[in-house]
Asks: 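Dumping the structure here so I can ask a few things about it.
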Number of protein chains: 2
Amino acid sequence: MVIKHEKGSPSLYRRIADELKAEISAGTYAPGDALPSESELAQRYDASRGTIRQAFAALRTDGIISSRRGARRVVQGGPRLQDFAALHSFSHWGRAIGAKPSGRVVGLARREATGDERDRLNLPEGARIYHLTRVRLLDGRPVMIERTAYPDRIGALVAGMDLDRESITDRLEELGTTFADAEHTIDAVRATADDARLLGVRAGAPLLRERRRTTDPSGAALEWSEDRYLGDQVAFTVRNSADRNTLSRWHSAPGATTG
Amino acid sequence: MVIKHEKGSPSLYRRIADELKAEISAGTYAPGDALPSESELAQRYDASRGTIRQAFAALRTDGIISSRRGARRVVQGGPRLQDFAALHSFSHWGRAIGAKPSGRVVGLARREATGDERDRLNLPEGARIYHLTRVRLLDGRPVMIERTAYPDRIGALVAGMDLDRESITDRLEELGTTFADAEHTIDAVRATADDARLLGVRAGAPLLRERRRTTDPSGAALEWSEDRYLGDQVAFTVRNSADRNTLSRWHSAPGATTG
DNA sequence: GAGTGGTCTAGACCACTTT
DNA sequence: AAGTGGTCTAGACCACTCT
């Protein structure tokens, strides 16, 4: 018996995965606890074993559970992982951690893309972009400087927004833009005089720098951003395993530009 | 027809995945190129479609390819990701990037674990650990300070090694220890006087701090390490997507320990 | 409309952990 | 010995992209 999906409804394995995640969040299964077996869940959800395995695979990829042949799956400890939206959008993230996120526009300009920007956004010579600089705050205190380049098509939409009030990410999603993949490069830099003034720290303070390239489902670049966080305010957490690794370590030869 | 595995040989889908990765590395499929369809590969490898999908899933999890319904899978650009061993072991990593890795032991001691160390390694009150501090170098230049706590059982093995010469990771693997999962927390800190002396920079220089907890397949903690990299020498790269997210952003309230 | 990936089923055998 | 997850097969229907 195959049950058809209602239009727009998530697949069965996604619903099962979401339900398991919710039960783990709620503490029904605590870190270290064993989860129900595949066959047990197959019965409970009237699904095949393959579908249950697909649901578990989603949790495994997110690092929420571990799994070994012969033993039941076990809930992993550690900090809860955030969903893609909370990670991608400062506004979402701020609200998720219970703070009041805001922004202050420092500059917005349409200009010709630099060579680096053309590379990152995959644009032809002479292409124009929008470049936005904002200070982002939590509960009124500066936490991060955001310097983002948008391709012309996206930037035109952004330029029309109320940037002090709206979430760019949310508005772009409403306007039909889908953020699918992102690549983040993280290192540490010294605050420049400019950084220091905007963040209210002394020049030379250690900042956590995140350079991010985000693409849509077809692989087209949607933004290229360099964000600088106060080093003592923000950290990033990554999980990986022998099976699955999305993390790399990179070395910059002294004197070379850092990618 | 079911073909049995030879003992110790990797599964079919792993071999297919490895072969595809090799072809991508070799440039047979360049970033932006479409890959063969599932049915085509099923024929080529005399495998079922499910097995081919399993191989593709491995590449997808590593962020090497993207995939959308209706269109063929596409090779993703960006830096090549390193395998778990290269990420986990400084020695492996150094050799992989063509440099000569080395280490200099600053201190090794067996002592009672602090509260923080007990939490991270999941040890009872009063448990003892081994604590190792090393400076790690590439081509003779200091790049990182490593401060690692090992549970007694592991530390006893480490203490017997030639720490200036051997790779701890390699030796522990040879001795039957399997590193399965790791959780990394990354932020930026100011170099202490001690850090500065060991790394040959001025105090206050920005350092990239990686705190790492590594576990074996059963979830038991194998090490808890705090590594500090020169900010202009090393960066970390992470890939994620709406489907699959192993990255989180964390906020530390001012004054709180960045635990 | 043809091709492709996404979801789901039902069943099989095996390696490993647990009791 | 029983239970559990890992691998693999063969087939089905569907949503979507491409030309």
Side-chain angles (χ1 to χ4, degrees), chain A residues 1-18 20 33-61 65-75 178 180 216-220 241-244, chain B residues 1-18 20 33-61 65-75 178 180 216-220 241-244:
Chain A
M1 176 189 58
V2 177
I3 297 170
K4 290 179 199 158
H5 307 163
E6 286 179 44
K7 192 173 174 181
S9 85
S11 51
L12 176 57
Y13 86 86
R14 273 178 207 281
R15 274 186 289 137
I16 296 173
D18 288 345
L20 289 169
D33 284 0
L35 289 162
S37 71
E38 294 176 359
S39 53
E40 191 178 333
L41 289 174
Q43 267 202 315
R44 184 188 307 177
Y45 287 104
D46 192 27
S48 76
R49 199 186 146 210
T51 300
I52 302 297
R53 286 181 62 78
Q54 220 172 342
F56 273 136
L59 303 209
R60 181 75 184 87
T61 298
I65 60 172
S66 66
S67 130
R68 309 143 65 198
R69 182 160 35 190
R72 288 204 178 183
R73 290 173 175 85
V74 168
V75 178
T178 305
D216 73 9
S218 76
S241 77
D243 276 354
R244 126 198 90 71
Chain B
M1 177 189 58
V2 175
I3 297 170
K4 290 179 200 157
H5 307 162
E6 286 181 41
K7 194 173 173 182
S9 85
S11 51
L12 176 56
Y13 87 85
R14 273 179 207 280
R15 275 185 287 137
I16 296 174
D18 288 345
L20 288 170
D33 284 0
L35 290 161
S37 70
E38 293 176 359
S39 54
E40 192 178 332
L41 289 174
Q43 267 203 315
R44 184 187 306 176
Y45 287 102
D46 192 27
S48 78
R49 200 186 145 210
T51 300
I52 301 298
R53 285 182 62 78
Q54 220 173 342
F56 274 137
L59 303 208
R60 181 74 181 88
T61 298
I65 60 172
S66 68
S67 135
R68 307 143 62 200
R69 181 160 35 190
R72 288 205 177 183
R73 290 173 176 85
V74 169
V75 177
T178 305
D216 74 8
S218 76
S241 78
D243 275 354
R244 130 198 87 71

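These values consider heavy atoms only, across backbone and side chains, with no hydrogens, waters or symmetry-generated copies.
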Asks: Under 4.0 Å, counting only non-hydrogen atoms across every strand here, what does A:R73 touch: a base, just sugar-phosphate, or nothing?
Replies: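 Since only primed, P, OP1 and OP2 atoms lie under 4.0 Å of A:R73, the category is sugar-phosphate.
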Asks: With sequence neighbours excluded, tell me which residues meet side chain to side chain contact (heavy atoms under 4.5 Å, CB included) with B:A17.
Replies: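 Per chain and number, B:A17 pairs via side chain to side chain contact (heavy atoms under 4.5 Å, CB included) with B:A55, B:A58, B:L59.
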Asks: Base, sugar-phosphate, or nothing for A:R60, non-hydrogen atoms under 4.0 angstrom?
Replies: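 Nothing, no heavy atom under 4.0 Å.
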Asks: Residues in salt bridge (Lys or Arg N to Asp or Glu O under 4.0 Å) with A:R49, at least two apart?
Replies: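 Salt bridge (Lys or Arg N to Asp or Glu O under 4.0 Å) check on A:R49 returns A:E38.
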Asks: Give the nucleotide from the list D:dC13, C:dT9, D:dG5 with an atom nearest to the side chain of B:R49.
Replies: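 Closest nucleotide to the B:R49 side chain: D:dC13.
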Asks: Anything under 3.5 Å between a protein N or O and an N or O of nucleotides 1-3 of chain D, put it in a table, one pair a line.
Replies:
| from | atom 1 | to | atom 2 | distance (Å) |
| --- | --- | --- | --- | --- |
| D:dG3 | N2 | A:G70 | O | 3.2 |

Asks: May I have the distance from A:L12 (atom CG) to C:dA10 (atom P), rounded to whole angstrom?
Replies: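 Spelled out: CG on A:L12 to P on C:dA10 is 12 Å.
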Asks: Go nucleotide by nucleotide along DNA chain C from the 5' end; which of B:F56 and A:I52 gets its closest nucleotide reached first?
Replies: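 Result: B:F56.
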Asks: Starting at CZ of B:R68, measure out to CG of A:D216 and round the result to the nearest 0.5 Å.
Replies: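 Between atom CZ of B:R68 and atom CG of A:D216 there are 8.0 Å.
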Asks: With a 4.0 Å cutoff (strictly under), does any side-chain N or O of A:R14 reach OP1 or OP2 of C:dT7?
Replies: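 So the side chain of A:R14 is within the cut-off, an N or O lying under 4.0 Å from OP1 or OP2 of C:dT7.
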Asks: Please state how far atom CD1 in B:I16 lies from atom P in D:dC8, giving the value in whole angstrom units.
Replies: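 B:I16 atom CD1 is separated from D:dC8 atom P by 8 Å.
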Asks: Would you mind reading off the distance between A:Q43 atom CD and C:dT9 atom C1', rounded to a whole angstrom?
Replies: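 Rounded to whole Å, this separation is 16 Å.
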Asks: Counting only side-chain N and O atoms of A:S48, is one of them less than 4.0 Å from OP1 or OP2 of C:dC8?
Replies: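 Checking A:S48 against C:dC8: no side-chain N or O falls below 4.0 Å of OP1 or OP2.
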Asks: A:R68 near the nucleic acid: base, sugar-phosphate alone, or nothing, with a heavy-atom cut-off under 4.0 Å?
Replies: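 Sugar-phosphate only.
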Asks: Go through the structure and list residues passing side chain to side chain contact (heavy atoms under 4.5 Å, CB included) with A:S48, not counting sequence neighbours.
Replies: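 A:T51.
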Asks: Please list, chain by chain and in numerical order, all residues satisfying side chain to side chain contact (heavy atoms under 4.5 Å, CB included) with A:S37, sequence neighbours excluded.
Replies: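 So A:S37 forms a side chain to side chain contact (heavy atoms under 4.5 Å, CB included) with A:S39, A:E40, A:R72.
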Asks: Got a sec, which residues hit side chain to side chain contact (heavy atoms under 4.5 Å, CB included) with B:T178, two or more places apart in sequence or on another chain?
Replies: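 Scan of B:T178 (side chain to side chain contact (heavy atoms under 4.5 Å, CB included), adjacent residues dropped) gives B:P217.
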Asks: Using atom CZ of A:R53 as one end and atom P of D:dC8 as the other, report the distance to the nearest whole Å.
Replies: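 Computing the A:R53:CZ to D:dC8:P distance gives 11 Å.
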Asks: Rounded to whole Å, please give me the gap between OH in A:Y45 and P in C:dC8.
Replies: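 Spelled out: OH on A:Y45 to P on C:dC8 is 13 Å.
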Asks: Could you give the CD-to-P distance, from A:E38 to D:dT7, as a whole number of Å?
Replies: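 Roughly 11 Å, once rounded to whole Å.
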Asks: Out of curiosity, A:F56 CZ to A:L35 CG, how far, rounded to the nearest 0.5 Å?
Replies: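 It is 5.0 Å, given to the nearest 0.5 Å.
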Asks: Which of the following nucleotides, D:dC13, D:dC8, C:dT9, is nearest to the side chain of B:T51?
Replies: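 So the side chain of B:T51 is nearest to D:dC8.
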Asks: Under 4.0 Å between a side-chain N/O of B:S11 and OP1 or OP2 of D:dT7, yes or no?
Replies: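 Yes, within the criterion.
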Asks: Between C:dC8 atom C1' and A:R15 atom CZ, what is the distance in whole Å?
Replies: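 That distance rounds to 12 Å.
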Asks: Reckon B:S39 has a side-chain N or O less than 4.0 Å from the OP1 or OP2 of C:dG3?
Replies: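 No, outside the criterion.
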